[in-house]
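To keep things clear, I will list the structure first and then write my remarks on it.
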Amino acid sequence: MDKKNSAKKGTIPIYIVLGFASLASLFPFYWMFVMATRPSAAYNSIPPVMLPGTKLVENFQRVLDTIPFFQAMWNTIILCTTVTIAVLLISSLAGFAFAKFDFPGKNFFFVGILLTMVIPPQLGLIPQYYLISQLGWLDTLLGAGVIFLLNPLGIFLMRQYISESVPDELMEAAKLDGCSNFRIYWSIVLPIIKPAFATLGIIVFTLVWGEFLWQFTVLRDPASYTLQVALASLNTAFRVDFGMLLSGVFWATVPLIIIFLMFNRLFISSITDGAVK
């Protein structure tokens, strides 16, 4: 009993620290919501305003009057969903090949893919823009998303997860039953790596959702704007309406929260599986 009581007492400081860390993480979202419900002057008020106001609808209406918010959100959802699905398929297929097959130059290609992770993406901005312009993909969602399709981190994560989670004996048994490599991937590997799919999917979806520089570079037509580019147009050189701006940012963040809550269980499962192994 004494050991159990001492163990419980030892976890109390951990819970306190985790509680404060959670509050600190949630505070920016709460403050963003507060500013979205207040006039722009409240942004610089001293002491800071900590309670919500009554101008949430009014601020958001000004957002709708200024930019095509819902069109930009729809463009962003299409872009993020398409890129995420493509990255999951490409990364899982590449990870499966690197994890379970031997072929010439396997280690060389894998190390080469990993080395691309240390190259700042800004270095490729000009050649990538030139290539996209020559292909005629400017002002298109295809041009905005094609550079994200090859994801070195996704290939690395899938390779590691498949190596640890898919037994070689299971693959050998499937081959004896006459399964092709793609059938093994589709019927055996995919069901096993669902937690890794959820983790990588959340990472890629949020990465593309929050991307600004590349989308701002290739998207010039307001009809093709994503949310990040459309929200940036709210920030003028002469005056910034913080209530309107943060109202748009708040509603642009809601889909990300919904996506995370939908796949939260698989995301945690992936982390715990990796910890156990």
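A donor-acceptor distance shorter than 3.5 angstrom exists from the side chain of Asn59 to the backbone of Ala36, with no hydrogens or angles considered. With hydrogens and angles ignored, the 3.5 Å screen pairs no side-chain donor or acceptor of Asn75 with any backbone N or O of Leu227. Side-chain atoms of Lys106 come within 3.5 Å of backbone N or O of Phe101 as a donor-acceptor pair. Between the side chain of Glu211 and the backbone N or O of Phe216 there is no donor-acceptor pair closer than 3.5 Å. Proximity of a side-chain donor or acceptor of Thr116 to a complementary backbone N or O of Ile113 within less than 3.5 Å is detected. Counting only distance, with no hydrogens or angles, the side chain of Lys100 and the backbone of Val166 share a donor-acceptor pair below 3.5 Å. Using a distance-only test at 3.5 Å, with no hydrogens or angles considered, a donor-acceptor pair links the side chain of Gln228 to the main chain of Trp209. Remark: the backbone N or O of Ile184 is not paired with any side-chain donor or acceptor of Ser187 at under 3.5 angstrom.
Note that the CG atom of Leu18 and the CG atom of Leu23 stand 11.0 Å from one another [nearest 0.5 Å]. Rounded to the nearest 0.5 Å, atoms CD1 (Ile90) and CE (Met158) are 12.0 Å apart.
A pairwise comparison of heavy atoms in Met73 and Trp251 identifies CE-O, 3.6 Å as the closest pair. Closest of all the heavy-atom pairs between Leu56 and Ser247 is O-OG, 4.0 Å. Residues Leu51 and Tyr30 share a closest heavy-atom pair of CA-OH, 4.0 Å. Across all their heavy atoms, Pro152 and Met117 have their closest contact at CB-CG, 3.3 Å. Across all non-hydrogen atoms, the minimal contact from Leu200 to Gly154 is CD1-CA, 3.5 Å. For the residue pair Lys194 and Pro191, the shortest heavy atom distance occurs at CG-O, 3.6 Å.
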Worked verdict on Tyr185 versus Ser92 for side chain to side chain donor-acceptor pair (under 3.5 Å)
CA-CA 9 Å; Tyr185 163 79; Ser92 60; 2.6 Å; yes
Are Phe103 and Phe98 close enough, and set up right, to give a ring pair (Phe, Tyr, Trp, His ring centres under 6.0 Å), and what steps lead you there?
CA-CA 9 Å; Phe103 51 88; Phe98 281 118; 5.8 Å; yes
Run Thr81 and Ile85 through side chain to side chain contact (heavy atoms under 4.5 Å, CB included) and show every step you take.
CA-CA 6 Å; Thr81 303; Ile85 293 174; 3.9 Å; yes
Apply ring pair (Phe, Tyr, Trp, His ring centres under 6.0 Å) to residues Phe70 and Trp74 and explain how you reach the verdict.
CA-CA 6 Å; Phe70 289 113; Trp74 178 245; over 10 Å; no
Working for side chain to side chain contact (heavy atoms under 4.5 Å, CB included), residues Leu141 and Ile78:
CA-CA 8 Å; Leu141 296 182; Ile78 293 176; 4.1 Å; yes
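Criterion: ILVMFWY side-chain heavy atoms under 4.5 Å apart, direct or through other members. Under it, Phe69 and Val57 are not part of a common hydrophobic cluster. Hydrophobic clustering places Val254 together with Leu256 (ILVMFWY residues linked when any side-chain heavy atoms are closer than 4.5 Å, directly or through intermediates). Both Leu93 and Leu150 are part of a single hydrophobic cluster, where members link through side-chain heavy atoms under 4.5 Å apart. Hydrophobic clustering (side-chain heavy atoms under 4.5 Å, transitive across Ile, Leu, Val, Met, Phe, Trp, Tyr) keeps Ile126 apart from Ile119. Leu213 and Phe148 end up in the same hydrophobic cluster when Ile, Leu, Val, Met, Phe, Trp and Tyr side chains are linked at under 4.5 Å.
Considering only heavy atoms from C-beta on, Arg159 comes within 4.5 Å of Phe110 through its side chain. Taking 4.5 Å as the limit, some side-chain heavy atom of Met171 sits within range of a side-chain heavy atom of Phe96. Two residues are said to be in side-chain contact when any heavy atoms from C-beta on lie closer than 4.5 Å; Trp214 and Gln128 meet this criterion.
No more than 12 heavy atoms of other residues, nucleotides or ligands sit less than 6.0 Å from atom CZ of Phe20.
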